[in-house]
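Scroll down for the structure; my scribbles are underneath it.
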Amino acid sequence: MRIALIGAGYVGLTSGACFAQLGHSVTCVDIDQSRISALKAGRLPIFEPGLEDIVTRKTRQHRLRFGSDIEAGCRDADAIFLAVGTPSRPDGAIDLTFIEAAARQIARPMRRDVVAVIKSTVVPGTARRLREVIAEARGGLDFSVASNPEFLREGNAVADFLSPDRIVVGADDPRAAKVLREIYAPLLAKGAPGLFTNTTNAEMIKYAANAFLALKVGFINEVADLCEQIGGDVMAVAEGIGLDHRIGRAFLSPGPGFGGSCFPKDTRAFAEIGRRHGAPQHLTETLIDRNEDRKNAIAQQVLREIGSDRKAPHVAVLGVAFKANTDDARESAALTIIPQLIEAGCIVHAHDPKARPAVLGAAVIWHETSYEAAAGADIVLILTEWDEYRDLDLKQLARLMAGRTIIDCRNLLDFGQATQHGFRHLAIGRAAPPATQPGHRSRARGARVGDRRAAASPI
Ligand code: NAD
Ligand code: UGA
């Protein structure tokens, strides 16, 4: 099939490359000229494991092309996928400006029988709305609009796309369903479950799925808070409840609050849809507030640990991306926490293997390695679960740091080892060791709970 992808971001580029990998002929179009120039020169504008290899191979085989001319990109297409951004508006509703603009732009070159497919995350009713937008622009044209929400995770996008848990297609007419079935035939043949429904259900599935996953994260974060108070260990509790196949272990890792370009935006939109239609999503409303509270509470915890005596304390933040294996820092915990630390007078030294968001500007001192960031630090704050932080050499860290406190918001470090090296190791969801003086070079005293990994291992 000949496929056009409008928008060459995380979703558009991954989908385009993977459709080419499935044997289709694909053109990715983006209005961002610099993005297209980079892609044409063989440079990926985003970091996504495994993607560069597919893009390079498929471009060489002429199965994948890039351009900034929508008309040229769409002229021969059997299906045109819209993968442009759908950002939040201040009231939480999503801004459909980009997708409506893209729909108008594709209307002109669309040929007869084409299927316009919405891959962006959009509120229920958008497919029907875009059918009107295109019909207004191209009266008399016979075409279809379908919804095909995307469930890939950043950092795992290629694998998620090529081995999906399910493929959801919303089609309001048989032609749309037939074309989508053909496009996904290689994956359906390999056993990927296909759910074919109408466009409204498909749009709703996407929001309900993200809200539910975010609720799991929010739930375990609250369980973690309780574990800290009762001397429990959230990792053991997550393991214990996750072994129930009705619950499952996935998305039960406590952290500094969920971020990214999706969960925060999509939960806000889901809540707004509920309010607008008189069916409030109370759980999601509460979740949104609690998630923000959590990020603020971590900033306060850092300041408490430092104490008020210390002037211009040096805080080393390890991890700015909203999760590991991505260079994306949109709505990451770091973006909420770091400005509060700076506001309170801290000097923030930061490291991230991939993300260096411009929004933090010159306020942060960036370092090439975690050790450089930690040198002279009063406190280390780990926010992202990069593997290299899991493997931190604690002896070296102890030698380099001025203080002895590590706030480990991803439970990456081994508690026993950190304590052995003299650290006050504050992990999420386990009782805090008794506070030492927020001074320097002080030895942390033992904690009340045992080794986390031992406690968590099912026998
Ligand atoms: P992104 O910001 O990375 O990419 C969007 C791209 O669209 C940009 O490069 C932009 O220049 C381009 N664009 C905007 N208007 C255009 C137009 N008229 N013509 C051509 N190009 C245009 O966004 P993303 O993260 O890929 O997300 C896209 C959509 O997919 C959103 O609705 C998002 O919620 C959804 N989604 C994202 C993910 C994810 O992991 N990022 C996963 C599933 C769904
Ligand atoms: C999420 C969904 O997982 C994808 O299925 C969906 O396609 C995507 O949103 C979207 O709609 O765009 P993504 O945002 O890439 O994917 O990242 P996740 O892996 O879901 O993580 C989201 C946030 O939750 C991160 O901040 C992460 O650190 C946090 N999280 C996740 C936890 O704190 N604990 C967990 O157990 C899991």
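Whatever order the structure lists them in is the order used to number ligands and atoms, beginning at 1.
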Checklist entry - Any donor-acceptor pair under 3.5 Å linking the side chain of Lys295 with the backbone of Phe258? => result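 Answer holds: yes.
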
Starting from [atom], which protein heavy atom do you reach first, and at what distance in Å?
{"atom": "atom 10 (C) of ligand 1", "answer": "Asp30 OD1, 3.5 Å"}
{"atom": "atom 9 (O) of ligand 2", "answer": "Cys262 CB, 3.3 Å"}
{"atom": "atom 14 (O) of ligand 2", "answer": "Phe322 CE1, 3.6 Å"}
{"atom": "atom 3 (O) of ligand 2", "answer": "Arg153 CG, 3.2 Å"}

Taking the minimum heavy-atom distance to [atom], which of [options] ranks first?
{"atom": "atom 4 (C) of ligand 2", "options": "Leu383, Asp165, Leu152", "result": "Leu152"}
{"atom": "atom 1 (C) of ligand 2", "options": "Phe263, Phe258, Phe251", "result": "Phe263"}
{"atom": "atom 20 (C) of ligand 1", "options": "Ile31, Thr326, Thr86", "result": "Ile31"}

Checklist outcome for this item: If we number the atoms of ligand 1 from 1 as shown, the ones under 4.0 Å from a heavy atom of Lys206 are 43 (C)

Item to check | Nearest non-hydrogen partners of Ile167 and Ala192, listed with the distance | outcome: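 Shortest heavy-atom separation between Ile167 and Ala192 comes out as CD1-CB, 4.1 Å.
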
Checklist entry - Does an N or O from Gly259, backbone or side chain, lie closer than 3.5 Å to an N or O of ligand 2? => result yes

Checklist entry - Could a heavy atom of Gln33 be found less than 4.0 Å from some atom of ligand 1? => result no

Checklist entry - Is the closest heavy atom of Ala83 to ligand 1 under 4.0 Å? => result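 It does; at least one heavy atom falls under 4.0 Å.
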
Checklist entry - Looking only at heavy atoms, is any part of Arg294 under 4.0 Å from ligand 2, and if so is it the side chain, the backbone, or both, or is it neither? => result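 Arg294 to ligand 2: no contact under 4.0 Å from either part.
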
Item to check | SB check Lys206 Asp266 (cutoff 4.0 Å) | outcome: no

Checklist entry - Is the ring centre of His351 less than 6.0 Å from the ring centre of Tyr389? => result yes

